[in-house]
Each structure stands twice: as structure tokens, then as C-alpha cells.
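Read through the structure below, which is laid out as C-alpha cells, and then see the notes.
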Number of protein chains: 2
Amino acid sequence: MPRTEEAGTPGVDPEQLWLGSTKPRRGRKPTYSREAITAAAVALADAEGLEAVTIRKVAAAVGAGAMSLYSYAPDKETLLELMVDHVSGELPTANTPTGDWRAELKAIAHLQRAHMLRHPWLPAALAGRRIPGPNTLAFLERALATLRPTGLDGAAKLEVFAQLTAFVAGHVAHEIAGAAALQSPDRIAAEVRYLTAVAADGRHPELAEALAAPGRPLTPEATFTRFLNRLIDGLDTD
Amino acid sequence: MPRTEEAGTPGVDPEQLWLGSTKPRRGRKPTYSREAITAAAVALADAEGLEAVTIRKVAAAVGAGAMSLYSYAPDKETLLELMVDHVSGELPTANTPTGDWRAELKAIAHLQRAHMLRHPWLPAALAGRRIPGPNTLAFLERALATLRPTGLDGAAKLEVFAQLTAFVAGHVAHEIAGAAALQSPDRIAAEVRYLTAVAADGRHPELAEALAAPGRPLTPEATFTRFLNRLIDGLDTD
DNA sequence: TCGTTATCCGTACGATGTACGAGAATAGCC
DNA sequence: GGCTATTCTCGTACATCGTACGGATAACGA
């Protein structure tokens with residue numbers, strides 16, 4: 001990327017991106033569409049990972065020349081933004097109040113986890129993103145509605161949602177890394193050899209003991225639920 | 001990166017990396033050192049961000065030709081691994097049991113947060129990393145010692161540490177993104193305009209209300225402490 | 001019809017990670 | 001001291017990336 005990036009990361013302008021008027025009444029008609037391009041990029045990321053999403057490959061997937069994409073998004077960073085919001089459209093936004101906001105919030109987190117497992121590139125793409133697009137806003141709306149009975153003020157409710165999302169993303173990133181490691185038997189074998197060697201060096205008694213008495217292996221699902229419940233049950237309305 | 005990356009990401013081999021013998025008794029003597037190269041890479045990342053860490057720039061920083069780095073680390077991924085463990089050496093490993101393991105665990109998390117704020121590239125570099133190097137292991141040892149009074153089994157203790165680290169990394173990543181946005185006044189102005197425009201469109205009543213009644217602004221420090229306390233106070237020994 | 005304005009995209013540039021292999025330096029063995 | 005094996009050094013080269021540039025193409029308003 002030859003961009004010099006000297007000033008403090010101007011980033012993507014959400015006003016331009018999501019509120020930009022669709023005025024062009026003159027000129028050649030677009031052959032493709034932002035929708036189709038974004039969908040192609042998402043399909044690529046789902047199938048081959050985020051690093052497979054290159055301007056050229058996405059363009060080829062929709063049958064366009066590479067440079068044509070720049071009529072639909074000013075740069076790749078913006079394309080990522082579009083991808084994130086695109087898949088957020090899969091999240092159900094209908095809230096069904098049950099009187100138990102904690103249970104509803106847990107359900108929201110479980111939805112997010114399933115969503116991120118379906119699109120394993122999401123945790124990485126989400127990192128450092130601040131401004132939600134329309135689909136993300138719709139889901140945020142649901143979360144805010146769920147938090148209404150807490151009586152928290154606006155900033156606190158937004159913070160709860162941000163922290164919850166960060167927590168889920170962090171967990172899923174870890175979960176995915178673990179699952180990927182399990183796919184290669186010699187890799188886990190090397191990891192086990194390494195850890196046991198370290199545990200045997202005498203300078204890591206706690207680790208040695210932890211490895212010696214591992215207990216019942218934990219499923220990611222169970223671990224996630226456990227920590228999520230701790231986090232949410234501890235949430236207070238003060 | 002011309003690497004095709006077809007098979008399921010072999011990743012870095014921790015055995016080779018951390019336990020590899022230093023046998024070479026013959027041949028030309030190394031001009032540089034893994035230490036110096038890693039330190040230069042860390043300095044670069046601290047000063048200019050993770051994307052400024054390129055093989056060529058790191059090599060130039062130590063006065064070497066680009067390809068010379070490959071005598072010290074087999075690839076860039078490994079260099080990242082070295083960087084992560086290098087800065088982990090700054091973390092204090094001495095545990096002072098106070099009888100209150102929850103307070104000690106909170107202190108550990110606060111140490112991690114300060115550490116990541118000092119090296120803002122850490123949360124990103126940490127993502128998906130599974131196997132701790134020697135310095136990280138020393139810190140893990142401290143965490144395990146702290147968790148000893150809980151009576152949790154080995155796997156559970158390791159999981160608590162992993163989840164705690166993921167939580168802190170997620171929070172700090174979010175915190176850093178927010179701080180970066182604050183550096184550019186026109187950027188936050190655009191964000192505010194965007195959100196108020198969305199709130200005014202009538203289809204986001206909850207967001208509109210949250211923005212209208214923001215409450216007292218929250219410092220990152222306070223938010224972190226709040227959620228951390230919730231997470232840890234909810235931890236049980238069963 | 002003509003000028004204005006978009007979109008389309010071939011070409012090209014500067015970076016990047018790293019494969020290759022020729023040179024240079026060191027150590028053990030005769 | 002010379003030979004040889006071994007290791008480190010790094011110039012060159014290549015595939016691939018994001019994207020600037022500008023000409024060609026197409027659609028509208030006048």
C-alpha cells in the first residue's frame with residue numbers, strides 16, 4: 001500500500017459512506033452494484049479467509065476489471081466496512097421482551113457468537129471498527145431495547161453493547177484459533193511436546209501441576225456460556 | 001506474500017522456536033542477534049504501528065540487509081511471535097499472595113491493560129496466537145499461582161487466563177480505536193453528525209433516546225474496572 | 001447533436017514477503 | 001597451513017498487493 005498514512009488515520013467517513021446521496025442522474029450506468037461486490041467479497045472471505053479478499057479477486061468474482069471496484073468503494077478499507085455491515089444483515093433484529101433482560105442479553109451474545117463462527121473472519125475485521133452501518137445499527141437497536149429495563153443511561157447502554165461485542169469477538173477468535181490448530185495433528189503434537197518439555201524443566205511448577213491435573217476437557221460452547229453468564233449476571237442497574 | 005497457504009496454516013512451531021538447540025559450532029559467526037532484531041521490530045511497532053513492521057525496515061534499523069533476517073527467524077509470522085514474547089518480559093512475574101485471589105487477579109488484568117496500552121499493537125498481534133513463549137509462560141505461571149486457592153482444575157485455570165487475556169485485549173483494542181478517533185476533530189464531528197442523522201430518522205428510537213440522555217461520560221479506565229470486576233467477582237470455584 | 005458526467009478498465013508504480021544462489025567468514029581435520 | 005564443510009550475508013528477482021492515472025465508453029440534459 002503506497003499510501004503514506006502520515007496523519008492520524010482519517011479512516012472511513014461514515015457520513016459519506018452510509019448517508020451519501022445517490023444523485024448521479026447523468027453518465028454511464030453502473031454495470032455492477034455495491035451489493036453484488038460486497039456479497040462476492042463476503043463469499044470469498046467465508047471460503048478462503050480474509051487474506052484472500054483482494055481487490056483483483058473480488059473484481060474477478062463479479063466479472064469486473066480490478067479498477068472498476070473503485071467506482072463502488074473508495075478503498076479496500078471501505079470494502080471491509082461494507083462486508084461487516086452486509087453480514088450483520090443476517091442478525092435477527094426482532095426483540096421479544098420476556099421480562100428477563102439478562103436472559104435476552106445472553107441470547108443476543110449467543111447470536112453474535114454463532115454469527116462470528118459462520119463468518120470466521122469477522123472478529124479480525126471487527127477489530128478497531130467504531131461506527132456501525134445500517135444493519136449493525138438495527139441490531140444495536142435491539143440490544144438497546146433489551147437494556148431498557150436496566151435503567152442505565154445512554155452512554156452506559158452503548159458501552160455494555162460494545163464490551164459485549166468485544167468479549168464475544170475475543171472469545172470466538174480464540175475458539176477459531178484452537179479449532180484451526182486441531183485440524184493439524186502434528187501441530188498439536190508439537191504443542192504438547194513443547195508444553196510438557198517446559199513443564200518438566202522445574203521452573204514452571206504451576207504449569208506442571210495444571211497439565212498433570214487437567215480435569216474434564218472443556219467444550220468452547222460451555223466455556224463461552226460460563227464466562228458470558230458471569231459477565232451478564234454481574235451487570236447491575238446502578 | 002507469494003506463499004500459497006493451501007494446507008491448514010501450519011503456523012509457527014514452538015518446539016523449533018523456543019527449544020531449538022544453539023549448536024552451530026562451525027560456520028560464519030552471526031553479525032546480529034535475535035534479541036537486537038526483535039527489539040528493533042518492537043521499537044518500530046511502538047513508534048509507527050504494526051503495519052510499519054516490514055522485513056526491510058527492521059533490517060535497516062539494525063543495519064542489516066533485508067534477507068539477513070531470515071537467518072534469525074524463518075518468516076515474518078515468527079518475528080511477530082518473538083515480538084510478543086519480547087515485550088511480555090516487561091510484565092512482573094513475582095506473585096505476592098494476599099489471601100484475596102480475586103484482588104490479585106484484578107491486579108494482573110490491570111497490569112495487562114497497562115502493558116497493552118504501552119504497546120498498542122499488542123492486541124492485534126495477540127489475536128489467534130496460541131502458544132506462549134518463555135516470558136509469557138513466566139507470567140502465566142504467576143496467574144496460575146494466583147488461581148491456586150480457587151481449587152479449579154488445570155484446564156479451567158488455563159481457560160480463565162486465556163479468557164481474561166482475550167477480554168483485556170478486546171477492551172484495549174476498543175479503547176485504542178476510540179482514543180485514535182479523538183485525535184482527529186473532524187472525524188469525530190463526522191461521526192456525531194452521522195449518528196444524530198440516524199437517530200433523527202425515526203427508525204431508531206432507542207438510539208435516539210440513548211444519545212439524548214447520555215449520562216456522565218465514562219472514562220476507559222472506569223469502564224474497564226467495572227466490567228473486569230463483574231467478570232472476576234462472578235468467578236466461582238466450583 | 002453535442003458537451004458533461006459517470007463508469008469501465010489496461011497499464012504502471014511502489015511496496016511487500018521471500019526463494020535463490022553467489023560470496024564471505026569461521027571451525028575442525030589432515 | 002591448507003581443505004572442506006558449514007554457516008551467515010545480502011543483491012537480485014518474482015509474484016502479488018493496493019491503487020494513481022488517463023483514455024475509452026456510455027448515458028443523460030440541453
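All values reported here derive from a predicted model rather than from experimental measurement. Chain identifiers are assigned alphabetically (A, B, ...) following the order of the sequence lines, protein sequences preceding nucleic acid strands; residue numbering begins at 1 within each chain.
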What is the distance from [atom1] of [X] to [atom2] of [N], rounded to the nearest Å?
| X | N | atom1 | atom2 | result |
| --- | --- | --- | --- | --- |
| B:Arg34 | D:dC8 | CZ | P | 11 Å |
| A:Glu51 | D:dA15 | CD | P | 21 Å |
| A:Leu79 | D:dC17 | CG | C1' | 14 Å |
| B:Ile55 | C:dA19 | CD1 | P | 11 Å |
| A:Lys76 | D:dT19 | NZ | P | 8 Å |
| B:Tyr70 | D:dT12 | OH | P | 18 Å |

task: Evaluate the side-chain proximity of B:Val168 to B:Phe224: yes if any heavy-atom separation is below 4.5 Å, no if none is.
output: yes
query: Any side-chain heavy atom of A:Val12 within less than 4.5 Å of one from A:Leu80?
result: no
task: Using a cut-off of strictly less than 4.0 Å, decide whether A:Ser68 has a side-chain nitrogen or oxygen near OP1 or OP2 of C:dC9.
output: yes
message: Students often get this wrong, so: under 4.0 angstrom with heavy atoms, is A:Thr54 touching a base, only sugar-phosphate, or nothing?
response: sugar-phosphate
- request: Give one of base, sugar-phosphate or nothing for A:Ala64, where a contact means two heavy atoms less than 4.0 Å apart.
  value: sugar-phosphate
message: Looking at A:Arg203, I want to see if its CZ is surrounded by more than 12 non-hydrogen atoms of other residues, nucleotides or ligands under 6.0 Å.
response: no
- request: Inspect the surroundings of CD in B:Glu90 and state if more than 12 heavy atoms from other residues, nucleotides or ligands are less than 6.0 Å away.
  value: yes
Looking at [Y] and [X], is there a salt bridge between them, counting it only when a charged N and a carboxylate O are closer than 4.0 Å?
| X | Y | answer |
| --- | --- | --- |
| B:Glu221 | B:Arg113 | yes |
| B:Glu77 | B:Arg129 | yes |
| A:Glu81 | A:Lys76 | no |

message: Please tell me whether B:Phe167 and A:His171 form a close aromatic pair, meaning their ring centres lie under 6.0 Å apart.
response: no
Nearest-nucleotide pick for [X], side chain only, options being [options]:
| X | options | answer |
| --- | --- | --- |
| A:Tyr72 | D:dC17, D:dT19, C:dC8 | C:dC8 |
| A:Thr31 | D:dT19, C:dT18, C:dC8 | C:dC8 |
| B:Arg56 | C:dT18, D:dG18, C:dT7 | C:dT18 |
| B:Ser71 | D:dG18, C:dT18, D:dT9 | D:dT9 |

task: Heavy atoms under 4.0 Å is the rule here; annotate nucleotides 20-29 of chain C 5' to 3' with B where the base is hit, S where only the sugar-phosphate is, and - elsewhere.
output: B--BBBBBS-
task: Starting from the 5' end of DNA chain C, give me the residue, A:Tyr32 or B:Ala52, whose nearest nucleotide shows up first.
output: A:Tyr32
message: For a quick test of reading the model, state the closest non-hydrogen atom pair linking B:Arg130 to A:Gly178 and the distance between them.
response: NH1-CA, 3.3 Å
message: If you compare all heavy atoms of A:Ala169 against all heavy atoms of A:Met116, which two are closest, and at what distance to 0.1 Å?
response: CA-SD, 3.6 Å
message: Given a 3.5 Å cut-off on both pairing distances, which stems involving DNA chain C, each at least three consecutive Watson-Crick or G-U pairs, are present, if any?
response: C:1-5 with D:26-30, C:7-22 with D:9-24, C:24-30 with D:1-7
field: Along DNA chain D (nearest heavy atom to each residue), the more 5'-positioned of A:Lys57 and B:Gly65
entry: B:Gly65
